[in-house]
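Computed over heavy atoms, backbone and side chain alike; hydrogens, waters and symmetry mates excluded. First listed ligand is number 1; within each ligand, the first listed atom is number 1.
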Amino acid sequence: MTLFYFTATGNSLDIAKRLGAELGAQLRSIPLEGATAEVSDDVIGVIFPVYAANVPAIVTRFLRRVRLNAGYTFAIAAHGGEPGDIGGVLATLAAFDNVYTIETWSNYLPFNPDVQPVAVDVSSDIERIAAAIRLKEIRGFKPGGEPFDPAPWHSQALTYRWRKNCTACGTCMKVCPVANYTISETERDANGIPLFKFADSCEGCMACLQNCPNAALYMPNEPTRYRYRNPNITVDEIIAANNQAR
Ligand SMILES: Cc1cc2nc3c(=O)[nH]c(=O)nc-3n(C[C@H](O)[C@H](O)[C@H](O)COP(=O)(O)O)c2cc1C
């Protein structure tokens, strides 16, 4: 079994790891798949977060490009309570045998209340979905909606700002799944904050904002002072999953 995943704050990776341990699977991170065009295994799953009731652009591009050869294919959409018609959108991209959803803490910073995030216990979801996968349960979805392609938030990072407590550790750069950041090692602005340069390829995934160890990186008018990463996942695991500079 092969499980592909995309994660910004660890919920999808946590699901992939738990399911992989339960069913015995190899895990592969979508941002590191480069030009992978074809994959064969007995069972193949794709695990990702819901973005605006849709499939993240990076996952859309992957699904448009790759051919999944397997006796059983499924997707799992991690979401913050409003997955929309995610099965319908997926049906326009690939012929999955089933699409499962798991409710998690939402990492969408602009909607997060000013409270300490509380991770959702997904143990029973993992059991439910592992049982369905073992039985190779099939459920059809009517194609619906329009997938994102290209990234609808491509210039979002241009609105981000850094507080003075930025230590130039480079975590934001390393967790970015599309190498949207470069940090100057030598240049600083008048406040001593390192100069950041952006490409125009922001996925809007919030990995940089949410994984900043000092919450130095922020969105203007953000409603919360708190940051979220799934408590079972370390920042090094997010870096290992997403870092393009290797
Ligand atoms: C840009 C963006 C848009 C989102 N839109 C939705 C949404 O429409 N519905 C929803 O339920 N959750 C939404 N979320 C929340 C994520 O789907 C959810 O927190 C997911 O578990 C994050 O997975 P990850 O930790 O693997 O990155 C959104 C998150 C982001 C960053």
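Looking at T9, N11, N107 one by one, the single match for side-chain hydrogen bond (donor to acceptor under 3.5 Å, both in side chains) with Y228 turns out to be N11.
Between the side chains of S155 and D200, no donor-acceptor pair of N or O atoms lies under 3.5 Å.
Look at E222 and R161 and you find no salt bridge, because none of the NZ, NE, NH1 or NH2 atoms lies under 4.0 Å from a carboxylate O. R61 has a carboxylate O that lies under 4.0 Å from a charged side-chain N of E203, or vice versa, which qualifies the two as a salt bridge.
Residue Y226 qualifies as enclosed at atom OH: its count of foreign heavy atoms under 6.0 Å is above 12.
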N/O donor to acceptor pairs below 3.5 angstrom from side-chain atoms of residues 163-175, sequence neighbours left out:
residue, atom, partner, partner atom, Å
R163, NH1, A215, O, 2.6
N165, ND2, N214, O, 3.0

Note every protein N or O atom lying under 3.5 Å from an N or O atom of ligand 1, pairing the names and giving the distance.
residue, atom, partner, partner atom, Å
ligand 1, 5 (N), V50, O, 3.4
ligand 1, 5 (N), A52, N, 2.8
ligand 1, 8 (O), A52, N, 3.1
ligand 1, 8 (O), A53, N, 2.8
ligand 1, 9 (N), E82, O, 2.7
ligand 1, 11 (O), G80, N, 2.7
ligand 1, 11 (O), G81, N, 3.1
ligand 1, 11 (O), E82, N, 2.7
ligand 1, 11 (O), E82, O, 3.3
ligand 1, 12 (N), G80, N, 3.0
ligand 1, 14 (N), V50, O, 3.2
ligand 1, 17 (O), V50, N, 3.2
ligand 1, 17 (O), V50, O, 2.7
ligand 1, 17 (O), A78, O, 3.3
ligand 1, 19 (O), W105, O, 2.9
ligand 1, 19 (O), N107, N, 2.9
ligand 1, 19 (O), N107, OD1, 3.2
ligand 1, 21 (O), N11, ND2, 2.9
ligand 1, 21 (O), T104, OG1, 2.7
ligand 1, 25 (O), T9, N, 3.3
ligand 1, 25 (O), T9, OG1, 2.5
ligand 1, 25 (O), G10, N, 3.2
ligand 1, 25 (O), N11, N, 2.8
ligand 1, 26 (O), T7, OG1, 2.6
ligand 1, 26 (O), N11, N, 3.4
ligand 1, 26 (O), S12, N, 2.8
ligand 1, 26 (O), S12, OG, 2.7
ligand 1, 27 (O), A8, N, 2.8
ligand 1, 27 (O), T9, N, 3.1
ligand 1, 27 (O), N107, ND2, 3.4

